[in-house]
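Worksheet: the structure to be examined is printed underneath.
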Amino acid sequence: SFFPVLLIVFLLRGFVVEPFRIPSGSMLPSLYIGDFILVNKFAYVIKLPVVKKKIIVMATPERGDVVVFRYPRDPSLDYIKRVIGLPGDHIAYYNKVLYVNKKPVLRDYVGRYMGPGQTSANEYEEKLDDAKHLMLLLPARPNNLQGEWIVPEETFFVMGDNRDNSNDSRYWGVVPEKYLVGKAFMIWMHLNNGEITEGIGFGRIGQTIE
């Protein structure tokens, strides 16, 4: 009688959704340490579980999507970042300004960041195509990482929203399409032991991920 339950769980995790826990502050202010999120594995491609063989292509990632992927330097690890560059894009980052195809990405100053997990940060609303999201910059931290990148075919350039505290494509390169796990879409639980919040964060449960 327990077998149908196991089968349903296996199918859900293999094809539809999978839970992940946010382990770092690289996606602040969008995602906190201790957030448990759901990832739609159906958003881009349908793959066979275990062997990860692609069956059906559903859609392609868009700029602004928050995606979970296998870390290219160690595919046993899962990372979460925001898609900045699509195949063929020219990405540049100078003086903490992001450029996509030689145009600066629009951002509006929101104010001093007052949330948990990051001090002395300024908060901005950034617009990538039609997608808007919040991001952080540390004005006191020098910008030691600058450069330009061309995104190869079947790969994506990703960055964290906490721009000065994110290990992303600026450091280790692009994410191959085959390493995409899915699109993050909802926070289903927040549980932390003092790093940012204490106990269950009821106010974050059910929030959609922009």
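Residue numbers run from 1 in the order of the sequence given.
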Exercise for review: Examine distances only and state if a side-chain atom of Gln146 and a backbone atom of Asn95 form a donor-acceptor pair shorter than 3.5 Å.
Suggested key: yes
Review point. Using the ring of each side chain (for Trp, its six-membered ring), is Trp172 parallel, tilted or perpendicular to Phe69, with breaks at 30° and 60°?
Key: tilted
Review point. So which heavy atom on Leu134 is nearest to which on Pro29, and how close?
Key: CB-CG, 3.6 Å
Practice item. Apply the side chain to side chain contact (heavy atoms under 4.5 Å, CB included) test between Val151 and each candidate in Val100, Ile91, Val175; give the one that qualifies. Key: Ile91
Practice item. Indicate yes or no: at least one non-hydrogen side-chain atom of Val83 is less than 4.5 angstrom from one of Glu62. Key: no
**Study point:** Asp74 atom CG: more than 12 heavy-atom contacts under 6.0 Å
**Key:** yes
Point to revise | Closest heavy-atom pair and its distance - Val174, Ser169 | key: CA-OG, 4.0 Å
Check your understanding: So with a 6.0 Å cut-off around CD of Glu148, is the heavy-atom count from everything else above 12?
Key -> yes
Point to revise | Minimum side-chain heavy-atom gap Ile22-Met27 below 4.5 Å | key: no
Exercise for review: Apply the test side-chain contact (heavy atoms from CB on, under 4.5 Å) to residues Tyr32 and Ile187: give CA-CA distance (whole Å), side-chain angles for both, the deciding distance (0.1 Å), then the verdict.
Suggested key: CA-CA 10 Å; Tyr32 292 174; Ile187 300 168; over 6 Å; no
Check your understanding: Which pair of heavy atoms, one from Asp78 and one from Phe20, lies closest together, and at what distance?
Key -> OD2-CE2, 3.1 Å
Review point. Where is the tightest heavy-atom contact between Arg112 and Ala121, given as atom of each residue plus distance?
Key: CD-O, 3.4 Å
Check your understanding: With distance as the sole test, does Arg82 use its side chain to make a donor-acceptor pair with the main-chain N or O of Met159 at under 3.5 Å?
Key -> no
Review point. Between Arg170 and Leu145, what is the shortest heavy-atom contact and its length?
Key: CB-CD2, 3.1 Å
Review point. Which heavy-atom pair separates Tyr44 from Gly182 by the least distance, and what is that distance?
Key: CE1-C, 4.0 Å
Exercise for review: Please list, chain by chain and in numerical order, all residues satisfying side-chain hydrogen bond (donor to acceptor under 3.5 Å, both in side chains) with Asp89, sequence neighbours excluded.
Suggested key: Arg63, Asn101
Exercise for review: Output, in order, the C-alpha distance, side-chain angles, deciding distance and verdict of salt bridge (Lys or Arg N to Asp or Glu O under 4.0 Å) for Lys96 and Asp164.
Suggested key: CA-CA 9 Å; Lys96 301 192 180 185; Asp164 292 319; 3.1 Å; yes
Exercise for review: Go through Tyr71 and Asn167 one step at a time and tell me if the side-chain contact (heavy atoms from CB on, under 4.5 Å) criterion holds.
Suggested key: CA-CA 11 Å; Tyr71 179 39; Asn167 179 27; 4.2 Å; yes
Exercise for review: Go through Glu126 and Arg163 one step at a time and tell me if the salt bridge (Lys or Arg N to Asp or Glu O under 4.0 Å) criterion holds.
Suggested key: CA-CA 12 Å; Glu126 187 174 69; Arg163 291 287 160 78; 2.7 Å; yes
Point to revise | pair Ile84-Asp168: side-chain heavy atoms closer than 4.5 Å | key: no
Check your understanding: Would you say Leu106 and Val97 are hydrophobically clustered, going by side-chain heavy atoms of ILVMFWY under 4.5 Å?
Key -> no
